[in-house]
Amino acid sequence: MIQITFPDGSIREYPRGTTPLEIPQGISRNLAEAVLAASLNGETCDLTRPIMQDASLKLYKWEDAEGKHAFWHTSSHLMAEAIETLFPGTKFGIGPAIENGFYYDIDLGERVLTEAHLSEIEKKMTELARAGAPMQRREVSKSEALEFFTNKGDEYKLELIRDLQDGTISFYQLGTFTDLCRGPHLPGVAPIKAVKLLSIAGAYWRGDETRKQLTRVYGITFPKQKMLEEYLQMLEEAKQRDHRKLGKELELFMFSQKIGPGLPMWLPRGTQLRNRLESFLKKVQAGYGYDQVMTPHIGLKELWVTSGHYAKYGKDSFQPIHTPQEGEEFLLKPMNCPFHCEMYKSKPRSYKDLPVRMAEFGTVYRYEQSGELHGLTRVRGFTQDDAHIFCRPDQLKDEFCKVIDIIFRIFNALEFKEFVAQISLRDPDNKEKYIGDDESWDKAENAIIEAASEKGLRTTTVRGEAAFYGPKLDFMVRDAIGRKWQLGTIQVDYNLPERFDLEFTGADNQKHRPVMIHRAPFGSMERFVAVLLEHTAGKFPLWLTPDQVVVLPVSEKFSDYAKKVVGYLNNCDIRTLFDDRNEKIGKKIRDNELKKIPYLLIVGEKEEQSGTVSVRRQGEGDQGSMPLEEFAHFIQSEVTRQMEAL
RNA sequence: GCCGGUGUAGCUCAGUUGGCCAGAGCAGCUGAUUUGUAAUCAGCUGGUCGGGGGUUCGAAUCCCUCCACCGGCUCCA
């Protein structure tokens with residue numbers, strides 16, 4: 001007998017060789033069916049793997065990431081089997097589970113897979129799933145593995161196997177399809193009830209653009225048809241919230257072929273929105289001792305040589321601008337920090353002056369490959385809500401905490417209720433990749449870790465993800481429909497103070513090197529507005545939205561009263577539009593609802609006589625009528641309440 | 001940049017295997033209507049069918065090329 005320890009700490013005895021699957025089978029049939037994968041002593045494994053010695057066991061269901069992972073990984077094998085059946089001779093790259101579903105990279109030789117083939121593959125997958133073949137694992141020696149794929153003629157698998165150690169190699173066989181795979185997998189494909197292949201894309205073998213491009217097929221599967229339907233509905237919802245669609249509909253921003261790809265232009269309403277966000281952040285930052293500055297859009301090449309950006313990114317940037325007479329070379333700025341460093345240097349700094357905090361809404365230009373551009377989230381010209389804090393090493397943690405506070409306020413103000421942060425540290429085994437001495441790094445890393453825990457942040461820590469010049473903390477928010485976006489970032493930098501030879505005079509009358517913090521709570525205005533649009537589906541909070549109220553007279557007879565209402569509200573600093581079109585009231589309501597204006601005021605004979613307005617809240621319908629003054633107070637107090645919460 | 005897809009009026013989309021002056025709805029303009037909580041009616045305007053080149057008696061439709069956009073790959077100071 002062996003002893004199995006369960007997550008709740010209980011220990012039970014089972015015969016040696018019992019499989020994880022047999023354990024829930026002894027409890028209830030429902031449980032046994034719901035279990036998808038297991039882990040033994042913390043290592044995930046198949047449910048059919050016999051347990052040979054005492055171990056702690058955890059079972060995973062669909063609700064667990066590990067469960068979904070096994071489900072989708074098995075699905076990718078199922079897809080591969082279907083593809084091999086339909087397209088014999090296909091070679092297979094890798095086919096992992098991903099966050100939402102799975103993919104498989106395949107090489108079809110001369111054949112081209114198009115979207116039209118997807119439903120065919122889906123059908124075959126469903127058919128195979130119904131047949132319910134088991135997933136059979138077997139361990140193979142390296143030479144056996146090489147022989148198998150040599151015979152099959154699959155050079156991709158051979159390349160993968162060559163990198164593996166003998167004795168750790170396993171095959172999984174599903175029906176006619178045998179694949180090199182570590183697992184774990186479901187015991188069989190029967191639980192896969194709903195299949196949807198989503199898209200086809202090119203993907204370089206092993207992510208290397210010098211190597212062959214394979215065809216990547218993305219798909220997703222579920223244990224219930226209904227779950228697939230819900231997922232597709234969610235995708236539809238995401239499409240409705242797409243900031244590119246909403247940005248056009250709400251007339252916030254635009255692109256022009258004539259101006260160039262990746263160069264957004266802010267239309268009047270978008271500009272209003274952005275200005276409001278900027279003033280809000282300026283106000284918050286003023287409270288934290290930031291000084292607002294402005295710097296030019298170009299700087300001499302020498303500046304970027306000094307900063308190190310030229311060496312690292314010069315080839316992949318917009319190329320230098322030359323002056324016609326003097327032959328000077330300027331670069332469009334990809335960052336604001338070198339300018340701020342020069343400003344720091346403009347006068348001697350004492351330890352008493354620090355921290356110096358310079359903030360700038362600085363527009364920067366970065367060359368992005370044409371295939372990379374995407375709405376407002378990936379552009380070639382954008383404005384960072386940038387700031388650089390020059391501080392003493394002993395102030396680092398404190399400054400870090402304050403930046404976290406600012407980010408908290410912003411996320412709260414904009415109703416991002418759920419967010420996590422990632423701490424990126426250097427790779428301890430590759431210290432030579434980084435600039436700065438051990439001691440500074442340790443201090444900075446500890447400062448971040450302590451600041452994050454002091455502020456009660458939910459964090460994940462990733463080693464090896466730091467920038468070469470310092471560790472960083474990145475913020476990820478979850479939007480209203482559960483998608484994750486990376487927004488703000490805080491980064492420690494030892495590199496630039498060194499390169500620009502920044503100094504301050506210490507209490508000891510000696511010169512010291514300040515530490516720099518780069519930080520951008522929004523990240524960029526463009527990206528942030530995109531995320532905010534998708535988060536709110538275009539229904540911005542009242543304080544932020546470009547137009548707060550629109551007045552709709554029931555007919556032209558009440559235009560004069562309506563005009564009075566509009567004038568009164570605008571005088572109260574309530575941003576009010578007037579819809580004086582000669583249309584029926586139903587039509588005006590519909591049009592303005594679609595524009596997502598928060599309040600629609602309907603005025604007719606009754607309202608004119610009593611000096612009231614009939615209030616309709618966007619998306620919520622008729623709210624009844626109230627005196628005009630009362631409505632103005634109501635709006636003002638709603639805005640004040642929102643602003644106070646900021 | 002690479003793979004695949006898409007490109008018809010300001011917007012959303014029709015346009016059969018190449019064949020009469022290229023269509024619809026919405027928007028816009030003009031007029032009628034004077035409207036009570038998500039689309040009043042009528043008329044009109046608007047497109048060298050993404051750009052260029054080619055095949056053909058004839059091209060939105062077939063071919064080549066360039067551009068932009070979409071889904072990915074890669075990258076993100």
Side-chain angles (χ1 to χ4, degrees), chain A residues 98 103 105 108 112-118 198-218 239 242 244-245 248-249 251 254-262 304 307-314 316-317 333-338 364 366-375 377-380 382 384 467-470 472 486 489 491 493 495-496 518 523-524 527 552-559 581-595 600-607 614-625:
Chain A
I98 52 178
Y103 66 79
D105 285 346
L108 290 145
V112 175
L113 199 68
T114 67
E115 312 245 334
H117 293 114
L118 293 184
L198 299 159
S199 65
I200 301 176
Y204 297 104
W205 172 233
R206 310 198 107 177
D208 181 346
E209 62 183 303
T210 64
R211 308 201 59 182
K212 183 160 180 178
Q213 192 158 42
L214 306 179
T215 303
R216 177 169 296 179
V217 186
Y218 284 91
K239 224 162 109 189
D242 190 316
R244 293 166 299 187
K245 174 176 141 75
K248 195 185 275 183
E249 283 173 9
E251 295 182 7
M254 63 169 282
F255 292 88
S256 152
Q257 278 202 28
K258 195 144 195 168
I259 283 161
W304 308 103
S307 72
H309 293 111
Y310 189 79
K312 202 161 158 63
Y313 296 101
D316 301 317
S317 296
K333 69 170 167 185
M335 300 212 69
N336 304 299
C337 22
V364 298
R366 298 179 184 179
Y367 167 73
E368 303 285 358
Q369 300 188 107
S370 57
E372 280 313 311
L373 303 169
H374 181 94
T377 60
R378 193 78 172 155
V379 288
R380 285 176 169 170
F382 57 97
Q384 295 179 307
F468 73 93
Y469 50 79
K472 60 178 183 175
Q486 201 207 306
T489 178
Q491 311 186 353
D493 187 352
N495 181 40
L496 284 182
H518 308 247
S524 83
R527 192 179 160 78
L552 318 177
V554 165
S555 84
E556 283 178 356
K557 279 195 266 177
F558 311 106
S559 269
R581 293 175 305 160
N582 178 7
E583 291 289 353
K584 293 180 78 169
I585 192 66
K587 166 79 162 168
K588 294 195 206 182
I589 287 170
R590 177 181 157 80
D591 288 350
N592 288 290
E593 284 271 347
L594 290 173
K595 285 197 213 159
L600 316 191
L601 300 184
I602 288 98
V603 296
E605 192 175 0
K606 281 180 289 184
E607 288 76 16
S614 176
V615 180
R616 187 186 165 102
R617 176 108 176 110
Q618 203 274 347
E620 291 168 29
D622 192 357
Q623 311 283 302
S625 62

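Order of the sequence lines fixes the chain letters, A, B, ..., with proteins taken first and strands second; residue numbering starts at 1 for each chain.
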Next on the checklist: Please determine whether side-chain contact (heavy atoms from CB on, under 4.5 Å) holds for the pair Asn495(A) and Phe468(A), giving the CA-CA distance in whole Å, both sets of side-chain angles, and the decisive distance to 0.1 Å.
Outcome noted: CA-CA 8 Å; Asn495(A) 181 40; Phe468(A) 73 93; 3.7 Å; yes
Checklist entry - Rounding to a whole Å, what distance do you find between Phe558(A):CZ and U37(B):P? => result 14 Å
Checklist entry - How close or far is atom C1' of C69(B) from atom CD1 of Ile259(A), stated in whole angstroms? => result 16 Å
Item to check | Closest nucleotide among A38(B), G36(B), G1(B) to the Glu593(A) side chain | outcome: A38(B)
Item to check | Counterpart base for G7(B), defined by Watson-Crick or G-U wobble contacts under 3.5 Å | outcome: C67(B)
Item to check | Test side-chain contact (heavy atoms from CB on, under 4.5 Å) applied to Arg211(A) and Tyr204(A), step by step | outcome: CA-CA 6 Å; Arg211(A) 308 201 59 182; Tyr204(A) 297 104; 5.5 Å; no
Item to check | Counterpart residues, salt bridge (Lys or Arg N to Asp or Glu O under 4.0 Å), relative to Lys606(A) (two or more places apart) | outcome: none
Next on the checklist: Please encode protein proximity along nucleotides 45-50 of chain B as a string of B, S and -, counting only heavy-atom distances under 4.0 Å.
Outcome noted: ------
Next on the checklist: Applying a 4.0 Å non-hydrogen cut-off, can you work out what Gly586(A) is touching in the nucleic acid: base, sugar-phosphate, or nothing?
Outcome noted: sugar-phosphate
Checklist outcome for this item: By ring-ring contact (aromatic ring centres under 6.0 Å, His included), Phe558(A) pairs with (sequence neighbours left out) none
Item to check | Spacing of the C1' atoms in U40(B) and C21(B) (rounded, Å) | outcome: 33 Å
Next on the checklist: Just the rounded figure in Å: distance from C1' of A38(B) to CD of Glu620(A).
Outcome noted: 15 Å
Next on the checklist: Expressed as a whole number of angstroms, how long is the span from Lys212(A):NZ to C3(B):C1'?
Outcome noted: 12 Å
Next on the checklist: Heavy atoms only, 4.0 Å cut-off, all strands: where does Gln384(A) land among base, sugar-phosphate and nothing?
Outcome noted: nothing
Checklist entry - If we call it a pair only when both distances are under 3.5 Å in a Watson-Crick or G-U wobble match, what pairs with G31(B)? => result C41(B)
Checklist entry - Touch check for Ile602(A), heavy atoms < 4.0 angstrom, all strands: base, sugar-phosphate only, or nothing? => result base
Checklist entry - Hey, does Glu249(A) reach any base, or is it just sugar-phosphate, or nothing, if we go heavy atoms under 4.0 Å? => result nothing
Checklist entry - When you compare G52(B) with C44(B), how far apart are their C1' atoms, in angstrom units rounded to a whole number? => result 35 Å
Next on the checklist: So Lys606(A), base contact, sugar-phosphate only, or nothing? Heavy-atom distance under 4.0 Å.
Outcome noted: base
Item to check | Residues in salt bridge (Lys or Arg N to Asp or Glu O under 4.0 Å) contact with Glu368(A), at least two apart in sequence or another chain | outcome: Arg378(A)
Item to check | Sidechain N-carboxylate O distance under 4.0 Å for Glu605(A), Lys557(A) | outcome: no
Checklist entry - At under 4.0 Å between heavy atoms, what does Ser199(A) touch on the DNA or RNA strands: base, sugar-phosphate, or nothing? => result sugar-phosphate
Checklist entry - When you compare G46(B) with A9(B), how far apart are their P atoms, in angstrom units rounded to a whole number? => result 15 Å
Checklist entry - Short question: side chain of Arg216(A), backbone of Ala201(A) - any donor-acceptor pair under 3.5 Å? => result no
Next on the checklist: Can a donor-acceptor pair be found, under 3.5 Å and without considering hydrogens, that links the side chain of Gln623(A) to the backbone of Arg616(A)?
Outcome noted: no
Next on the checklist: Applying side-chain hydrogen bond (donor to acceptor under 3.5 Å, both in side chains), can you list everything that pairs with Thr210(A), at least two apart in sequence or on another chain?
Outcome noted: Asp208(A)
Item to check | Contacts of Gln213(A) that satisfy side-chain hydrogen bond (donor to acceptor under 3.5 Å, both in side chains) - sequence neighbours left out | outcome: none
Checklist entry - If you look at every strand shown and take non-hydrogen atoms under 4.0 Å, does His374(A) touch a base, only sugar-phosphate, or nothing? => result sugar-phosphate
Give every pair of a protein N or O atom and an N or O atom of nucleotides 27-32 of chain B that lie under 3.5 Å apart, one pair per line with the distance.
unit_1, atom_1, unit_2, atom_2, d
A27(B), OP1, Lys587(A), NZ, 2.5

Item to check | Pair partner, G47(B) [Watson-Crick or wobble, under 3.5 Å] | outcome: none
Checklist entry - Can you name the side chain to side chain contact (heavy atoms under 4.5 Å, CB included) partners of Asn592(A), sequence neighbours left out? => result Val550(A), Leu552(A), Asp579(A), Lys588(A), Lys595(A), Ile597(A), Leu600(A)
Item to check | Any strand: nucleotide that pairs with A14(B) via Watson-Crick or wobble, under 3.5 Å | outcome: none
Checklist entry - Leu600(A) CG to G36(B) P: how many Å, rounded? => result 17 Å
Between protein and nucleotides 73-77 of chain B, what N or O pairs are separated by less than 3.5 Å?
unit_1, atom_1, unit_2, atom_2, d
C73(B), O4', Gly202(A), O, 3.1
C73(B), O2', Tyr204(A), N, 3.0
C73(B), N4, Glu372(A), OE2, 2.1
U74(B), O2, Gln369(A), NE2, 3.2
U74(B), N3, Glu372(A), OE1, 3.4
U74(B), N3, Glu372(A), OE2, 2.5
U74(B), O4, Glu372(A), OE1, 2.7
U74(B), O4, Glu372(A), OE2, 2.9
C75(B), O2, Arg378(A), NH2, 2.6
C75(B), N3, Arg378(A), NH2, 3.2
C76(B), O2, Arg378(A), NH1, 2.1
C76(B), O2, Arg378(A), NH2, 3.3
A77(B), O4', Tyr313(A), OH, 3.0
A77(B), O3', Tyr469(A), OH, 3.1
A77(B), O2', His309(A), NE2, 3.2

Item to check | Between G50(B) and A14(B) - P atom distance, rounded Å | outcome: 14 Å
Item to check | Lys258(A) NZ - G51(B) C1' separation (whole Å) | outcome: 12 Å
Checklist entry - Rounded to whole angstroms, how far apart are CG on Leu373(A) and C1' on G1(B)? => result 12 Å
Checklist entry - Toward the 5' end of RNA chain B, which comes first, Ser555(A) or Leu594(A), by nearest nucleotide? => result Ser555(A)
Next on the checklist: Let's test this: given Watson-Crick or G-U wobble pairing with both distances under 3.5 Å, identify the partner of G1(B).
Outcome noted: C73(B)
Next on the checklist: Once salt bridge (Lys or Arg N to Asp or Glu O under 4.0 Å) is applied, do any residues pair with Arg380(A), and if so which ones, sequence neighbours excluded?
Outcome noted: none
Checklist entry - Rounded to whole angstroms, how far apart are CZ on Phe255(A) and P on C69(B)? => result 8 Å
Checklist entry - What pairs with Glu556(A) under salt bridge (Lys or Arg N to Asp or Glu O under 4.0 Å), at least two apart in sequence or on another chain? => result none
Checklist entry - Does Tyr218(A) have any ring-ring contact (aromatic ring centres under 6.0 Å, His included) partners at least two apart in sequence or in another chain, and if so, which? => result Tyr103(A)
Next on the checklist: Which nucleotide, if any, forms a Watson-Crick or G-U wobble pair with U61(B), using both distances under 3.5 Å?
Outcome noted: none
